[in-house]
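Below: one structure, written as structure tokens.
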Amino acid sequence: MERTQYMTRTSIEWVRNPGEGSQGFTVNPIRFRNKQTGKVGHYCEKLSPGCKNCYASRMQKGPYLSGLEFTAENKSRGELFFDENVLQQVLRRRKPSTFFWADCTDLFGDWVPDEWIDRCAATCALTPHHRHLWLTKRAKRMREYFGHSDYRPVMVGAASKSLSALTFTLPSEDVFDARRIAWGQSWKINAWPLPNLGLGVSAEDQERADERIPDLLQTPAAMRFVSEEPLLGPISHRWAKWEPLKIGFNGQFDGLRGIHWVICGGESGPGARPMHPDWPRGLRDQCQAAGVPFFFKQWGEWLPTGQKQHYSLATLIDPPDDRTPGQPMGDAYIYRVGKKSAGRLLDGRVWDEMPEMLR
Ligand code: SF4
């Protein structure tokens, strides 16, 4: 049996609707059907250490999804398709909302044709009352896709025209040239980059930050963000490799100039790797110095000592039950308490800062 769920209210802490701050939605139009069972889920390919314990891959084993985890050999066991019903739900929602796209795959994976991405972008263009967030590990392709500022707005405009006809969605004069459309001419988008679309890259460690953030900085976007989750090591935005971009002045924190939001968090779920407290602290301090909003999503499975009062050092090192005993991690002591107990206080406070576009 196939369960059809196009738009899901998400529990991801940083996906919040503008204004009231209630939880936003995830949408996944890139889908994958198991050829043998007919069950439908998602497909992605693991790329870097942050993908090791991918929850979307694990979820596929559940009763309602494809049954095929994200492995190379599983690609031939299913077929990819684009589910337009997902777009229609977004287009039909009137209440201003925030949508996080493709949390169960990567929109810029090489298995996703440009035409599908055009249709996703067209949905964003036709819904200027919503906020949209795209996040990728394939930053180079995202830069190339959005970098074609000559013909890409024409392609997305063409996709907007066909979607609009399907749902009777009226084009916004902010985004499209209404006179040109009235005269039956091109639907070329005139607001490029799209003002309601935030583009982000995931960077779990310094190597991935050095590789992906420069591409992000060269991608035209109304809002750029970096998700440093699961954070697997310290990350400095005061670099060497990014310097040749010459974004902003040539001093400290250049790497955060042009970035509008940093999210960070530890890993949760089976096999979760711990996060040293100095890693999120370092990012927080860099963001504060650079005036960039910082969002601390969670500690994940592991909590370091000193971050929650009701876990004393003695309890962490020698737990009174059968939980994993605490263990040293550099100069810190960490203890597996589970994501819920670990919570999301960093040095005694919640860090929930949001960029202007999402407020
Ligand atoms: S890119 Fe994202 S969805 Fe794809 S395997 Fe990696 S963590 Fe999972």
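Start at 1 and go down the list; that is how both ligands and their atoms are numbered. FYI, side chains are in, hydrogens and waters are out, and symmetry mates aren't considered; it's all heavy atoms of this structure.
- A cation-pi arrangement, defined by a distance under 6.0 Å to the six-membered ring centre and an angle within 45 degrees of its axis, is present between R33 and F81.
- Applying the 4.0 Å criterion to heavy atoms of R138 picks out, from ligand 1, the atoms 1 (S).
- Below 4.0 Å from some heavy atom of C44 lie the following atoms of ligand 1, by number and element: 1 (S), 3 (S), 4 (Fe), 5 (S).
- A cation-pi arrangement is absent between R16 and W14 under the rule of less than 6.0 angstrom and at most 45 degrees off the ring axis.
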* To do: Start with the C-alpha distance between S48 and E204, add both sets of side-chain angles, then the distance that settles side-chain hydrogen bond (donor to acceptor under 3.5 Å, both in side chains), and finish with yes or no.
  => CA-CA 9 Å; S48 59; E204 61 268 40; 2.7 Å; yes

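- C51 lies apart from atom 8 (Fe) of ligand 1 in this respect, since none of its N, O or S atoms is found at a distance under 2.8 Å.
- Here the two rings, on F296 and W351, have centers that are 6.0 Å apart or farther.
- The protein non-hydrogen atom at the shortest distance from atom 8 (Fe) of ligand 1 is C54 SG, 2.3 Å.
- Salt-bridge check for R359 with E356: passed, with a basic side-chain N closer than 4.0 Å to an acidic carboxylate O.
- Remark: among candidates K46, K137, H42, R58, the nearest residue to atom 7 (S) of ligand 1 is K137, based on non-hydrogen atoms.
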